[in-house]
Amino acid sequence: MRSPGYGAFMARKAAARRYWLFKSEPDVYSFQDLLRDRKTFWDGVRNYQARNMLRDDVAVGDGVLFYHSNAEPMVVAGLCKVTKAGSPDPTAFDPRSKYHDPDSDPSDPTWFGVEVAPVCALEPPLERDRLKSVPALADMVLLQRGSRLSVQPVTAAEWRAVLALAGAKESW
DNA sequence: GCCAACGTTGGC
DNA sequence: GCCAACGTTGGC
């Protein structure tokens, strides 16, 4: 009784593995910064849709594409993994932080973040223009007109297509 | 630098 | 609850 239930649980858990794309302006925080830091808390997200994903959906072990926005060139710079699930974003409570939100109550936090660690850089980085040329990626949230979300879901098929384009192997 | 798209704010 | 004004994001 216990074993089949546990096995099914583990199977579901494995099947539930998800993929994401996180945007960062490299002038603010780049993939190279993450390599240097070895891990980082993804703070400063102040959009409710993105918050909901960070708080509720992003799980330990999920894969993350680290995207450089507002840059020349715009690229997927590397792969990351989620090392801690959603927890309250401390910058919201710090009056000195540019992400300070005086309306966020520490006993009922508004804003959340996750911890990520680098897996590998993409060498060379995968340019946005290249992504746009791939039919399998036509529906990527990133490439939709007007798409501004800084935390986006990536389908398993899109994840595989991106890794194939980059010549990267899934390594965890 | 421009501006489309989108989210938020606040008057009513 | 509507919606106009405003601010921000981020590709181009």
Side-chain angles (χ1 to χ4, degrees), chain A residues 18-37 40-58 62-82 85-116 118-119 121-155 157-166 168:
Chain A
R18 294 190 209 178
Y19 304 96
W20 311 93
L21 180 144
F22 289 6
K23 286 184 190 173
S24 184
E25 303 192 13
D27 291 348
V28 177
Y29 194 81
S30 70
F31 187 74
Q32 286 67 36
D33 292 329
L34 179 57
L35 286 174
R36 178 200 61 211
D37 295 343
T40 197
F41 184 79
W42 203 268
D43 58 21
V45 172
R46 297 290 179 269
N47 168 282
Y48 286 101
Q49 206 179 334
R51 184 282 309 268
N52 291 345
M53 288 186 276
L54 291 174
R55 187 189 58 190
D56 305 329
D57 300 325
V58 179
D62 283 359
V64 177
L65 303 174
F66 192 119
Y67 178 77
H68 285 174
S69 64
N70 258 325
E72 181 51 48
M74 290 170 277
V75 296
V76 177
L79 308 181
C80 313
K81 63 183 170 185
V82 176
S87 60
D89 179 349
T91 64
F93 311 121
D94 179 359
R96 293 160 308 168
S97 169
K98 63 173 170 172
Y99 302 123
H100 180 227
D101 178 6
D103 296 334
S104 179
D105 175 0
S107 70
D108 183 20
T110 306
W111 305 113
F112 287 71
V114 300
E115 186 188 83
V116 297
V119 171
L122 298 189
E123 297 290 352
L126 198 45
E127 297 196 12
R128 177 185 182 87
D129 286 345
R130 181 100 186 284
L131 300 180
K132 285 195 292 189
S133 73
V134 178
L137 298 178
D139 293 332
M140 254 189 114
V141 175
L142 178 72
L143 302 179
Q144 304 314 302
R145 180 177 172 79
S147 172
R148 297 194 308 178
L149 265 185
S150 64
V151 173
Q152 308 178 351
V154 171
T155 69
E158 288 162 354
W159 175 264
R160 284 192 301 270
V162 167
L163 264 59
L165 273 179

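In what follows, chains carry the letters A, B, and so on, assigned in the order in which the sequence lines appear, proteins first and then strands, with residues in each chain numbered from 1.
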Hey, mind stepping through A:W42 and A:E115 against side-chain contact (heavy atoms from CB on, under 4.5 Å) and telling me if it holds? CA-CA 6 Å; A:W42 203 268; A:E115 186 188 83; over 6 Å; no

Working note: A:R51 + A:D89, criterion salt bridge (Lys or Arg N to Asp or Glu O under 4.0 Å); need CA distance, chi angles, decisive distance, verdict. CA-CA 10 Å; A:R51 184 282 309 268; A:D89 179 349; over 6 Å; no

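A:N70 places its CG atom 13 Å from the C1' atom of B:dG1, with the value rounded to the nearest Å.
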Between the protein and nucleotides 5-11 of chain B, which nitrogen or oxygen pairs come in under 3.5 angstrom?
unit_1: B:dA5; atom_1: OP1; unit_2: A:R145; atom_2: NE; d: 2.6
unit_1: B:dA5; atom_1: OP1; unit_2: A:R145; atom_2: NH2; d: 2.4
unit_1: B:dC6; atom_1: O2; unit_2: A:R148; atom_2: NH1; d: 3.0
unit_1: B:dC6; atom_1: O2; unit_2: A:R148; atom_2: NH2; d: 2.7
unit_1: B:dG7; atom_1: O4'; unit_2: A:R148; atom_2: NH2; d: 3.3

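Looking only at atom types and distance, the side chain of A:S30 has a donor-acceptor partner in the side chain of A:D33 under 3.5 Å away.
Listed for the A:S24 side chain is no donor-acceptor partner under 3.5 Å among the backbone atoms of A:H68.
With sequence neighbours excluded, the residues that form a side chain to side chain contact (heavy atoms under 4.5 Å, CB included) with A:M53 are A:W20, A:D57, A:L149, A:V151, A:P153.
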